Enquirer: 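Okay, here's the structure, questions in a sec.
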Amino acid sequence: MHILLVASAFNSLTQRVHVELRDHGHTVAVELALPERPLAEAVRRHAPDLVLAPMLRTAIPREVWAAYPCFIVHPGPFGDRGPSSLDWAIQRGADRWGVTVLQAVEDMDAGDVWASADCVVPPVGKSDLYRGEIADAALTAVLLAVERFASGTHTPRPQGPAHAEYTPVRIRPYLDQSIRRIDWDADSTETVLRKLRAADSQPGVLDVLCGAEWYLHGGHPEGGLRGAPGELLATRAGAICRATKDGAVWIPELRRRRASGRPPTYKLPAVQALGDRLPSLPELAAPDSADPRRRTWTDIGYREEGSVGVLSFSFPGGAMSTTQCRRLLDAYRQACARPTSVLVLGGQRDFFANGIHLNVIEAAEDPAAESWANINALDDLVQAVLTTTDRLVVSAVAGNAAAGGMMLALAADEVWCRAGAVLNPHYRLMGLYGSEYWTYTLPRRVGAATADRLLGEALPMSAASARDLGLVDRVVDCGPGDFAAEVGRFAARLAALPGSPSRIAAKKAELERQECGEPLAAFRERELTRMRRTFDDPDAPYHALRRAFVHKRRPQSTPPHLGLAATTAARTAAGADRSTRARVTGTALEDLSRRPDGWYQES
């Protein structure tokens, strides 16, 4: 089929649906729902067999859903309605949730249901959950709904009392700041964490801190520090620790409340955002990862089991500032001093990495200079990985990776990727040539022609497609919470293989041959020469694109590359006439998530 994705933004879930549908043989185009662009006209131009909305903040117009079958992906279980479904689930402590694919009608979220799937709700932030368990459930439901629609024999299930198995509708209001507000004197640590996690990464929790109003982003428990409720206790790696009535929480990022008439604000590491307002606080080093005495937070950790070392890191949004790159490089060098034969880089939930930190760059007094410092710090880290010759290095990509973060992964000997990850191995959408030794690592894996194609198309790809190209060595088919354990088992097997010592010797010899021919430094120099010209040119598109990204400015139109897959020939090859596929005559199969007694609970 030819499927048109209609979305408010080409966000992580829209990209995930895009790559999975393409992998399943459908042709897929994207149209952004923008205020100045009539959606009906755009849909007619695409002439889709099916319109699918993975993430849409506005209603599909009647003239669209009356003319084309339109499916909405709602991040809530059967019968759930409202714009803050996932926020409510997290803030109220639901242990299970779900995703529903329903047909667009006049009332929001009220159409017939084509498929649904459920998932667990681990104690993580909303954005992590959305890219992980929710995205996995969404793809299960989307693929089932598309298959049912294509069959032409499926009857979708109505919502409401007309159905024999009536499920009461639950319409949830918008979760505003009056409900999100933290009462530091009364709320327990767990309550504070739920409120923070439910607002991550948007809209944040509005609060007063150091004499100003801020949105708090992210929340992690601290089991050892204590203080008066609301008191700032310490800092670590750019985050602040704040006391609750019975413990404390780490808050990694802040966003200043926007003043009337001023431009939109954006998230920054909490310590940087507060600046001179921050009182004198102790900077606490991360405790030994083997220390069982308390739970705490750190963005970089190391653990070891037998011959395997795991250097994990988790930076908000996957962005890596100059400081974060340097700290990770220091930790990498320390890990390389340990007596292991396999070193795993990554291996935790959510993002692997997305490259340089555009928000920190935008906030710098000299963004060009900070861009230069950031790219060199990231290059230093990639160089360290590329030149490690005394052990095997594995990049364990649990979640999405893009641009320089993807190239960091490619510096390792092997790349292991969770099946649900979305990869973006390109730079041009930010107006950059790119660095991180991509001109060496990318062609080495996929060939020069394919490397040029990936960079030029600038489209996301699934882990499975990346494996087929040679970009990824192993796809791990598991849930987000199981990835670390699976990687640990695979790494232990790799360390125990009889051939691993010879592989280590061979990689050292290969690097020596490379250095005698075209040294790695030559690749870096050529890349950075191009990057320096861009950074130093105030009229280069990079600067305007960076500002638009940081300030979340809406594009004027849908980027042209998102519709390139929608050729007339591809639409013809996709299948039979839409009217034939749209007829439904059979009885719906039982949804994967359906239980007769209702299956999700809220505390």
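Predicted, not measured: the structure shown is a model, and the values here were computed from it.
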Enquirer: Counting distance only, does the side-chain N/O of Glu512 pair as donor-acceptor with the main-chain N or O of Cys516 below 3.5 Å?
Expert: no
Enquirer: Is there a side-chain contact between Pro264 and Lys552 (heavy atoms, below 4.5 Å)?
Expert: no
Enquirer: So do the side chains of Cys417 and Leu423 get within less than 4.5 Å of each other, counting heavy atoms only?
Expert: yes
Enquirer: Quick one: pull up CD in Gln272 and CG in Leu268 and give me the separation to the nearest 0.5 Å.
Expert: 5.0 Å
Enquirer: Could you check whether any side-chain heavy atom of His24 comes within less than 4.5 Å of a side-chain heavy atom of Met1, counting everything from C-beta outward?
Expert: no
Enquirer: Between Arg148 and Trp114, is NZ or CZ placed under 6.0 angstrom from the six-membered ring centre and within 45° of the ring axis?
Expert: no
Enquirer: Taking atom CG of Leu545 and atom CE of Met430, what is their separation to the nearest 0.5 Å?
Expert: 6.0 Å
Enquirer: Can you confirm whether the side chains of Asn11 and Arg131 place a donor and an acceptor under 3.5 Å from each other?
Expert: no
Enquirer: How many angstroms lie between CZ in Arg445 and CG in Leu454, if you round to the nearest 0.5 Å?
Expert: 12.5 Å
Enquirer: Are any side-chain N or O atoms of Asn400 and backbone N or O atoms of Phe351, one a donor and one an acceptor, separated by less than 3.5 Å?
Expert: no
Enquirer: Would you verify whether the NZ or CZ of Arg418 falls within 45 degrees of the ring axis of Phe483 while also being under 6.0 Å from that six-membered ring's centre?
Expert: no
Enquirer: For Glu436 and Tyr427, test the side chains for any donor-to-acceptor distance below 3.5 angstrom and give the result as yes or no.
Expert: yes
Enquirer: Do the side chain of Glu515 and the main chain of Leu520 share a donor and acceptor less than 3.5 angstrom apart?
Expert: yes
Enquirer: When rounded to the nearest 0.5 angstrom, what is the spacing between CG in Leu328 and OG in Ser312?
Expert: 9.5 Å
Enquirer: Would you kindly say whether His543 and Arg547 are connected by a side-chain donor-acceptor distance under 3.5 Å?
Expert: no
Enquirer: Please check if atom CG in Asp477 has more than 12 non-hydrogen atoms from other residues, nucleotides or ligands closer than 6.0 Å.
Expert: no
Enquirer: Quick one: are Glu133 and Val120 in side-chain contact, heavy atoms under 4.5 Å?
Expert: yes
Enquirer: State whether the side chain of Ser502 and the backbone N or O of Gly499 hold a donor-acceptor pair below 3.5 Å, judged by distance alone.
Expert: yes
Enquirer: Would you check if there is a donor-acceptor pair between the side chains of Ser314 and Arg349 at a distance under 3.5 Å?
Expert: no
Enquirer: What's the spacing between Ser500 OG and Leu494 CG if we round to 0.5 Å?
Expert: 4.5 Å
Enquirer: Would you say the side chains of Thr322 and Glu370 form a donor-acceptor pair under 3.5 Å?
Expert: yes
Enquirer: Any salt bridge between Arg474 and Glu486, counting N to O under 4.0 Å?
Expert: no
Enquirer: Measure the shortest side-chain to side-chain distance between Leu21 and Leu5 over non-hydrogen atoms and say whether it is less than 4.5 angstrom.
Expert: yes
Enquirer: Would you tell me whether Gln324 and Ser321 have side-chain atoms, one donor and one acceptor, within less than 3.5 Å of each other?
Expert: yes
Enquirer: Please indicate whether Glu518 has more than 12 foreign heavy atoms, meaning atoms of other residues, nucleotides or ligands, lying under 6.0 Å from its CD.
Expert: yes
Enquirer: Can you check whether Ser201's main-chain N or O pairs, donor with acceptor, with His217's side chain at less than 3.5 Å?
Expert: yes
Enquirer: Under 3.5 Å, is there a donor on one side chain and an acceptor on the other for Asn424 and Gln15?
Expert: yes
Enquirer: Would you verify whether the NZ or CZ of Arg546 falls within 45 degrees of the ring axis of Tyr542 while also being under 6.0 Å from that six-membered ring's centre?
Expert: yes
Enquirer: Is it the case that more than 12 heavy atoms not belonging to Arg444 sit under 6.0 Å from its CZ atom?
Expert: yes
Enquirer: Given the ring of Phe535, does Arg533 sit roughly above its face, with NZ or CZ under 6.0 Å from the centre of the six-membered ring and within 45° of the axis?
Expert: no
Enquirer: Just checking Gln202: does its CD atom have more than 12 heavy atoms from other residues, nucleotides or ligands closer to it than 6.0 angstrom?
Expert: yes
Enquirer: Can you tell if the side chain of Ser395 reaches within under 4.5 Å of the side chain of Glu414, non-hydrogen atoms only?
Expert: no
Enquirer: Working to the nearest 0.5 angstrom, can you tell me the gap between Ile356 CD1 and Leu432 CG?
Expert: 6.0 Å
Enquirer: Between Val308 and Val344, is a side-chain contact (heavy atoms from CB on, under 4.5 Å) present by the stated rule, with each step listed?
Expert: CA-CA 7 Å; Val308 176; Val344 175; 4.2 Å; yes
Enquirer: Are Lys507 and Asp390 ion-paired here, with the side-chain N under 4.0 Å from a carboxylate O?
Expert: no
Enquirer: Compare all side-chain heavy atoms of Val415 with those of Leu471 and state whether any distance is below 4.5 angstrom.
Expert: no
Enquirer: Indicate whether the side chain of His74 and that of Thr100 have a donor and an acceptor atom separated by less than 3.5 Å.
Expert: no
Enquirer: If we ignore angles and hydrogens, is there a donor and acceptor under 3.5 Å between the side chains of Glu31 and Thr558?
Expert: yes
Enquirer: Looking at Thr441, Val397, Leu345, which one forms a side chain to side chain contact (heavy atoms under 4.5 Å, CB included) with Leu408?
Expert: Leu345
Enquirer: Got a donor-acceptor contact below 3.5 angstrom from the Thr340 side chain to the Leu343 backbone?
Expert: no
Enquirer: With Asp366, which residues qualify under salt bridge (charged side-chain N to carboxylate O under 4.0 Å, His left out), at least two apart?
Expert: none
Enquirer: Using a strict cut-off of less than 4.0 Å between a Lys/Arg side-chain nitrogen and an Asp/Glu carboxylate oxygen, indicate whether Arg532 and Glu525 qualify as a salt bridge.
Expert: no
Enquirer: Looking at Arg503 and Asp413, is any side-chain nitrogen of the basic one under 4.0 Å from a carboxylate oxygen of the acidic one?
Expert: no
Enquirer: Does the plane of the ring in Phe490 sit parallel, tilted or perpendicular to the ring in Trp416? Use 30° and 60° as the thresholds.
Expert: perpendicular
Enquirer: Donor-acceptor pair, Ser465 side chain versus Met461 backbone, under 3.5 Å?
Expert: no
Enquirer: side-chain contact (heavy atoms from CB on, under 4.5 Å) for Cys70 and Val64? Distances and angles first, verdict last.
Expert: CA-CA 8 Å; Cys70 299; Val64 174; 3.8 Å; yes
Enquirer: Ignoring hydrogens and geometry, is there a side-chain-to-backbone donor-acceptor pair from Asn354 to Ala319 under 3.5 Å?
Expert: no
Enquirer: Whether Asp380 and Arg524 form a salt bridge (side-chain N of Lys/Arg under 4.0 Å from carboxylate O of Asp/Glu) is what I want to check.
Expert: yes
Enquirer: I'd like to know if Asp200 and Lys126 make a salt bridge, using a cut-off of under 4.0 Å between side-chain N and carboxylate O.
Expert: no
Enquirer: Are Phe315 and His357 an aromatic pair by the rule of ring centers under 6.0 Å?
Expert: no
Enquirer: Main chain of Tyr437, side chain of Glu527: is a donor-acceptor contact present, judged purely on distance under 3.5 Å?
Expert: yes
Enquirer: Are side-chain heavy atoms of Val142 and Glu20 found at a separation under 4.5 Å?
Expert: no
